[in-house]
There are 2 protein chains.
Amino acid sequence: MPDKPDQSQKPGAGTTAPDATGKEQPRRRQARGERRIQQLLEAAASVFCATGYSAASTNAIAREAGVSPGTLYQFFPNKEAIAIELGDRLVHELRDTYGEALAPVAPGTPLAEAVGAAVDRFVAFNTERPVFFTLMHGPDMPGGIAEAHDALHATLVGRVADLLVSLLPSDTDQARVTRTAHVCLSIYKAGLELVLGHQGAERQAYVQEIKDVLTRYLEPLVGDRLGDPAP
Amino acid sequence: MPDKPDQSQKPGAGTTAPDATGKEQPRRRQARGERRIQQLLEAAASVFCATGYSAASTNAIAREAGVSPGTLYQFFPNKEAIAIELGDRLVHELRDTYGEALAPVAPGTPLAEAVGAAVDRFVAFNTERPVFFTLMHGPDMPGGIAEAHDALHATLVGRVADLLVSLLPSDTDQARVTRTAHVCLSIYKAGLELVLGHQGAERQAYVQEIKDVLTRYLEPLVGDRLGDPAP
DNA sequence: CCAGAATGCGAGCGGTCGCTCGTGTTTGTC
DNA sequence: GACAAACACGAGCGACCGCTCGCATTCTGG
């Protein structure tokens with residue numbers, strides 16, 4: 001490894017002047033710069049998808065964006081920052097698109113329907129943005145990314161857990177809830193891999209399988225209608 | 001990349017004499033050599049586990065084995081061959097340990113029991129040999145390994161599918177069976193990740209979760225006792 | 001016992017990769 | 001139009017990595 005400046009700052013790669021406050025306000029950007037950043041992130045997404053994070057070279061990303069390596073480093077302090085920024089934007093898209101995803105379901109909804117809706121949204125998001133899966137799934141990430149990783153994962157587990165506490169019998173203990181949430185998420189992720197590996201009708205069939213697996217897993221725990229926990 | 005000699009031969013790295021038949025019989029090994037190979041494979045397992053395949057350096061493997069880089073290349077033609085040989089040995093151990101794993105189950109066995117036994121064996125094998133999971137799961141493998149990968153995966157899917165045809169109603173179509181087998185295997189793998197990420201009682205709890213997920217997934221398809229397909 | 005094969009060593013070759021730097025071009029501001 | 005800041009370039013630096021090569025040492029068969 002050449003150098004580890006471990007400066008994980010926002011895109012503002014070069015700073016105008018080392019501010020006396022110690023905090024460096026983000027460098028002034030022109031519209032052209034913002035466009036370049038977008039270009040570079042899209043190129044990065046494409047390259048990451050094709051080869052994975054660690055095998056992706058910054059030169060390849062620059063080339064894909066039709067830009068010189070030097071230009072890339074005008075906007076990102078290092079390779080890791082590219083992945084982090086890309087991840088951040090994806091997470092925001094996730095939130096924006098689905099708001100409080102896995103959102104509150106009306107009591108009385110059939111379990112299968114609630115699960116189906118959640119799976120469909122999750123699958124749609126991922127098929128439209130294959131990078132998301134690559135970044136979430138790749139075990140070849142340096143420290144900084146793994147953190148963001150785990151943070152997102154923890155958030156999702158928390159969200160699922162919140163949903164579950166309102167469904168499971170009230171005497172269910174905390175650890176049990178967390179465990180169930182982890183299992184649901186793992187099934188989600190494993191199923192997603194299967195789904196992304198197929199096309200057309202076959203893909204749809206696998207989506208249905210995920211729904212079945214989750215529904216049957218949860219049914220004995222929550223009853224077949226929400227708000228109506230099994231005895 | 002320096003060179004791609006793409007010679008994926010068995011450990012015999014250097015060959016005695018280019019045999020006129022075109023086939024090169026494996027180089028004569030002394031006991032010392034066999035011991036070194038074992039040492040190197042164990043070192044490789046440890047390094048792969050710690051850092052993943054692509055991040056593992058051959059020099060690090062040699063160092064871990066207490067040996068010079070040159071010595072390593074006396075026994076393996078390249079880095080890929082190390083992983084392949086390691087994988088081969090693991091697969092053989094898998095076969096030897098569990099014979100015709102996921103073996104025929106006596107008709108009348110409760111589904112939960114059959115699933116439980118299979119999961120327990122699979123989990124035991126993997127907890128004793130964490131490299132196996134690393135090699136199977138890592139998406140950062142060069143071509144040659146990915147092939148072996150897929151071959152093993154296909155074998156396992158085939159095995160599970162064979163088991164399923166004897167359980168599912170006889171009018172179930174082929175694609176349905178394969179799909180179900182893929183889903184079972186994915187659940188297995190996803191669950192394994194969860195299991196390996198925890199210790200002690202928590203780990204046991206996750207093992208139970210995998211069993212529950214699989215049992216509940218399969219129950220509606222095969223009935224709650226084997227040899228007694230649901231209508 | 002001795003020739004030759006097998007084993008062992010480690011500096012270093014050729015290559016890639018992340019990233020820098022000196023320099024030139026475009027853009028916004030007064 | 002002038003001036004500074006932002007943007008763009010691309011050769012190339014330093015670090016590392018997979019792998020080689022020449023040479024020393026140990027084993028083994030005859």
Side-chain angles (χ1 to χ4, degrees), chain A residues 1-8 11-17 25-40 43-44 47-48 51-83 140 142 144, chain B residues 1-8 11-17 24-40 44 47 51-63 65-83 140 142 144:
Chain A
M1 221 169 295
D3 240 30
K4 264 290 178 182
D6 71 288
Q7 41 174 326
S8 304
T15 45
T16 42
Q25 67 258 32
R27 165 185 198 149
R28 227 184 69 80
R29 292 251 175 259
Q30 321 184 196
R32 193 176 23 147
E34 297 290 350
R35 254 181 284 131
R36 277 272 177 267
I37 290 180
Q38 190 62 31
Q39 256 179 56
L40 285 164
V47 175
F48 287 160
T51 66
Y53 171 79
S54 58
S57 87
T58 54
N59 290 17
I61 294 173
R63 201 180 318 120
E64 173 82 17
V67 143
S68 97
T71 298
L72 185 152
Y73 284 92
Q74 195 84 31
F75 302 101
F76 299 95
N78 53 49
K79 180 177 168 181
E80 194 178 330
I82 303 175
D140 59 342
Chain B
M1 221 169 295
D3 241 28
K4 264 289 176 180
D6 70 289
Q7 40 174 332
S8 302
T15 45
T16 41
E24 311 164 341
Q25 66 258 27
R27 165 186 199 147
R28 231 185 70 77
R29 292 251 175 258
Q30 315 181 181
R32 195 177 18 147
E34 297 291 350
R35 251 180 287 131
R36 276 273 177 267
I37 290 180
Q38 190 61 30
Q39 253 178 59
L40 284 165
V47 176
T51 66
Y53 171 79
S54 58
S57 86
T58 54
N59 290 19
I61 294 174
R63 200 180 320 119
V67 143
S68 99
T71 298
L72 185 153
Y73 283 92
Q74 194 83 26
F75 300 102
F76 299 96
N78 53 49
K79 180 178 168 181
E80 194 178 330
I82 303 175
D140 58 342

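Here is the naming used below: chain letters follow the sequence lines, and residue numbers restart at 1 for every chain.
- What separates CD of A/Gln74 from C1' of C/dC21 is a distance of 12 Å, to the nearest Å.
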* Where along nucleotides 22-30 of chain D does protein come under 4.0 Å, by heavy atom, of base (B) or sugar-phosphate alone (S), with - for untouched nucleotides? -> ----BSS--
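- For the OP1/OP2 pair of C/dT20 and a distance below 4.0 Å, the side-chain nitrogens and oxygens of A/Tyr73 include no atom meeting the criterion.
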* Asked: Yes or no on side chain to side chain contact (heavy atoms under 4.5 Å, CB included) for B/Ile82 and B/Leu40, after CA distance, side-chain angles and deciding distance?
  -> CA-CA 8 Å; B/Ile82 303 175; B/Leu40 284 165; over 6 Å; no
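- Nearest to the side chain of B/Ser68, among C/dC9, D/dG18, C/dC19, sits C/dC9.
- Regarding contacts with the backbone of C/dC17, every side-chain N or O of A/Thr58 stays at 4.0 angstrom or more from both OP1 and OP2.
- Comparing D/dC17, C/dC19, C/dC9 against the side chain of B/Thr71 picks out C/dC9 as the nearest.
- Annotation for A/Glu80 and A/Gly144: closest pair OE2-CA, 2.9 Å, computed over non-hydrogen atoms.
- For the side chain to side chain contact (heavy atoms under 4.5 Å, CB included) criterion with A/Arg32, the lone passing option out of A/Glu34, A/Gln30, A/Arg29 is A/Gln30.
- Across all strands shown, A/Ala60 has no heavy atoms under 4.0 Å from either base or sugar-phosphate atoms.
- Regarding A/Glu34, its CD atom lies at a distance of 12 Å from the P atom of D/dA8, rounded to whole Å.
- Per the geometry, CG belonging to B/Asn59 stands 17 Å off P belonging to D/dA15, to the nearest Å.
- Closest approach to the A/Pro69 side chain among C/dC9, D/dG10, D/dG18 is made by D/dG10 (side chain taken as heavy atoms from C-beta onward).
- For the OP1/OP2 pair of C/dA6 and a distance below 4.0 Å, the side-chain nitrogens and oxygens of B/Arg29 include no atom meeting the criterion.
- Whole-Å rounding puts the A/Phe76 CZ to C/dT20 C1' distance at 18 Å.
- Between the P atom of C/dT16 and the CZ atom of A/Arg63 lies a distance of 11 Å, rounded to the nearest Å.
- A pairwise comparison of heavy atoms in A/Ser54 and B/Ser54 identifies OG-OG, 4.4 Å as the closest pair.
- Separating the CZ atom of A/Arg36 from the C1' atom of C/dT25 is a distance of 13 Å, rounded to the nearest angstrom.
- Between A/Ala60 and A/Val47, the closest heavy-atom pair is O-CG2, 4.3 Å.
- Taking atom CD of residue B/Glu80 and atom P of nucleotide D/dC17, one finds them 18 Å apart after rounding to whole Å.
- Residue contacts shown for B/Ala56 are limited to sugar-phosphate atoms, with no base heavy atom under 4.0 Å away.
- Taking every heavy atom of both residues into account, B/Ala83 and B/Tyr53 meet most closely at CB-CE1, 3.6 Å.
- Note: CG (B/Leu72) to C1' (C/dT7) measures 13 Å, nearest angstrom.
- Side-chain contact of B/Arg35 with B/Gln38: a donor-acceptor pair under 3.5 Å is absent, judged by distance alone.
- Within the nucleic acid shown, A/Gly33 comes within 4.0 Å of sugar-phosphate atoms alone, with no base atom in reach, counting heavy atoms only.
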